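Presented below is the structure to which this report refers.
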There are 2 protein chains.
Amino acid sequence: MAERGRPRSFDRQAALERAMDVFWERGYQAAAMSDLTEAMGINSPSLYAAFGSKEELYRAAIHHFAATESDDILAPLQSEPTARAAIEGYLMASARIFTRPGRPPGCMVVLSAVNAVGVGDETSRLLREMRAGSVTMIEERLQRAIAEGELPAALDPHPIAGYYVTVQQGMSIQARDGASRQTLETIAQGAMAAWDGLTRPRAVAREPALMPR
Amino acid sequence: MAERGRPRSFDRQAALERAMDVFWERGYQAAAMSDLTEAMGINSPSLYAAFGSKEELYRAAIHHFAATESDDILAPLQSEPTARAAIEGYLMASARIFTRPGRPPGCMVVLSAVNAVGVGDETSRLLREMRAGSVTMIEERLQRAIAEGELPAALDPHPIAGYYVTVQQGMSIQARDGASRQTLETIAQGAMAAWDGLTRPRAVAREPALMPR
DNA sequence: CCATTTTTATAACGATCGATACACAATCGA
DNA sequence: TCGATTGTGTATCGATCGTTATAAAAATGG
């Protein structure tokens, strides 16, 4: 069962984490191979043997980001008892994660490849699906709240989820501009001020809470 | 008064607009000199003679963007009679400008250099000041509404302005992901649902509308 | 017409980009 | 111990990056 050949002299997972930090901070295009190999403590042939290419390494870093940072942000959607607390927790967790000391500010999935140029179709699709995945998760949480009677049955979860994800993505930009955790938390509270208006039951087909899908 | 030497064979302003489109769509780093010269219809020596360098051309493009697109977005802040209509107009104008057919989606100032790497300090500062300028303009509009008695005197305009600018920046990300004008308008309406909660007068120092600056 | 000035197109500069060829080192099974 | 296999370090590949040297072209003033 033992591996054949010369064993790898570096920790693949640790090197991936260092690569993630480089992509996270500099973005995909601005992250040069020399930046990556220096941060990972290896030479480029080792990088290519272990990860395939720069873009494959980037995708691996995105998946690692999703398995660590993203999960911390999305956890409140499952753990909080009410839909309102779930979304508030989602935004407040974002404020905390986006301003962790010593870590790049904002969300890697949102910031590291906003301009899809220079990145392949597969990677572009992966990023877009991940961003859309947040909308789906919030949507499902709202749907659950409707099923449990917390929210009115006539409510359309999709535009509400889209609104809160948009706020969270704006918070990434703000974090990149130097906004503090406190500032981001204030923004999150501002977004929650829309909750009652968005979820209040109202006469159907006369004044919809939010318009189209 | 006539110019000496061989006259320039291209329209400087028209070339600048085409360069703006390239930076807007691809971002600063991904916009190669060959992309720019091809779009502008000139050779690189002409570009350098007319604009100095790639980064100076980028700054000129940013200023041109501010003088055209940005002004359309910020106009409702001055023209609308109430603070609420002003901010709603700001968001609805953003939804329209961000999804103009045949134009790059989203805001160039927000999207074209999110990762400040590879761009000089002067350009980085210019972009950050422009983003902060939107907050200031909204803040001043809210302050005017307070002076006119439309909003309670105890209100702090700064966090409210920060909240709405954050939503607008999130709308840029959404536009880049393919959101339609209608979708962005729905998000804008969602953000306006927070208005009453954010501007309602309340007991001072007990439950502040939004926390710190 | 000629000297001067500015722009033009061609061609190429050094630097850096992502990616590899190559020879050597280190492990395995037999 | 030896062939097979895999990883490592060096050195470099062709392509492209932003930028510029050079000389011809097109205007001016005198």
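Throughout, protein chains are lettered first and strands after them, A, B, ... in sequence-line order, and every chain is numbered starting at 1. Keep in mind the model is a prediction, meaning the values are calculated, not measured.
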**Report entry** Sub-4.5 Å side-chain heavy-atom contact between B:Gln189 and B:Glu88
**Finding:** yes

Polar-atom pairs under 3.5 Å, protein N or O versus N or O of nucleotides 22-25 of chain D: list them with distances, or write none.
from	atom 1	to	atom 2	distance (Å)
D:dA25	N3	B:Arg6	NH1	3.3

Report task. Using a cut-off of strictly less than 4.0 Å, decide whether A:Asn43 has a side-chain nitrogen or oxygen near OP1 or OP2 of D:dT8. Result -> no

**Report entry** A:Ser172 and A:Arg176: CA distance, side-chain angles, deciding distance, side chain to side chain donor-acceptor pair (under 3.5 Å) verdict
**Finding:** CA-CA 6 Å; A:Ser172 273; A:Arg176 256 317 142 89; over 6 Å; no

Query raised in the report: Taking it one step at a time, do A:Tyr58 and A:Ser112 satisfy side chain to side chain donor-acceptor pair (under 3.5 Å)?
Result: CA-CA 10 Å; A:Tyr58 178 56; A:Ser112 67; 2.6 Å; yes

Report task. In plain terms, say whether A:Arg181 and A:Glu185 are close enough for a salt bridge, that is, a side-chain N and a carboxylate O under 4.0 Å apart. Result -> yes

Query - Presence of A:Ser46 side-chain N/O under 4.0 Å of D:dG7 phosphate oxygens OP1/OP2 - result: no

Query raised in the report: Between atom CE in A:Met40 and atom C1' in D:dT8, what is the gap in whole Å?
Result: 15 Å

Requested in this report: Please tell me which of A:Gly52 and A:Asp35 maps to the more 5' nucleotide of DNA chain C, matching each residue to the nucleotide holding its nearest heavy atom.
Outcome: A:Asp35

**Report entry** Residues touching DNA chain C, which here means a heavy atom under 4.0 Å, drawn from residues 19-33 of chain A
**Finding:** A:Ala31, A:Ala32, A:Met33

Report task. Go through D:dG7, C:dA19, D:dA27 for me and flag the one nearest to the A:Ser53 side chain. Result -> C:dA19

Query raised in the report: What is the distance from CZ of B:Arg4 to C1' of D:dG29, rounded to the nearest Å?
Result: 6 Å

Report task. Find the distance A:Glu56:CD to C:dA19:C1' and express it as a whole number of Å. Result -> 12 Å

Requested in this report: Determine the contact category for A:Ser44: base if any of its heavy atoms lies under 4.0 Å from a base atom, sugar-phosphate if only primed atoms, P, OP1 or OP2 are that close, otherwise nothing.
Outcome: base

Report task. Mark yes when over 12 heavy atoms from residues, nucleotides or ligands other than A:Asp71 sit less than 6.0 Å from its CG; otherwise mark no. Result -> yes

Requested in this report: Could you tell me the separation between the CZ atom of A:Phe10 and the P atom of C:dA26, rounded to a whole number of Å?
Outcome: 17 Å

Requested in this report: Return the value, rounded to whole Å, for the distance between atom OH of B:Tyr48 and atom C1' of C:dT8.
Outcome: 17 Å

Query - Phosphate OP1/OP2 of D:dT8 contacted by A:Ser9 side-chain N/O (<4.0 Å) - result: yes

Query raised in the report: To the nearest Å, how far apart are B:Leu36 CG and D:dT16 C1'?
Result: 15 Å

Report summary line: Of B:Lys54 and B:Gly5, the one whose nearest nucleotide on DNA chain D sits closer to the 5' end is B:Lys54

Requested in this report: To the nearest Å, give me how far apart CG (A:Leu47) and P (D:dT8) are.
Outcome: 11 Å

Query - 4.5 Å side-chain heavy-atom contact, A:Val119 and A:Gln29 - result: no

Query raised in the report: Parallel, tilted or perpendicular: which fits the ring planes of B:Phe23 and B:Tyr28, with parallel below 30° and perpendicular above 60°?
Result: parallel

**Report entry** Beyond-backbone contact of B:Glu25 with B:Asp35, side-chain heavy atoms, under 4.5 angstrom
**Finding:** no

Requested in this report: Inspect the surroundings of CD in B:Glu150 and state if more than 12 heavy atoms from other residues, nucleotides or ligands are less than 6.0 Å away.
Outcome: yes

Report task. Could you state the atom-to-atom distance from CZ of B:Arg8 to P of C:dT5 in whole Å? Result -> 18 Å

Requested in this report: Indicate whether any N or O donor in one side chain lies under 3.5 Å from an N or O acceptor in the other, for A:Ser180 and A:Thr183.
Outcome: yes

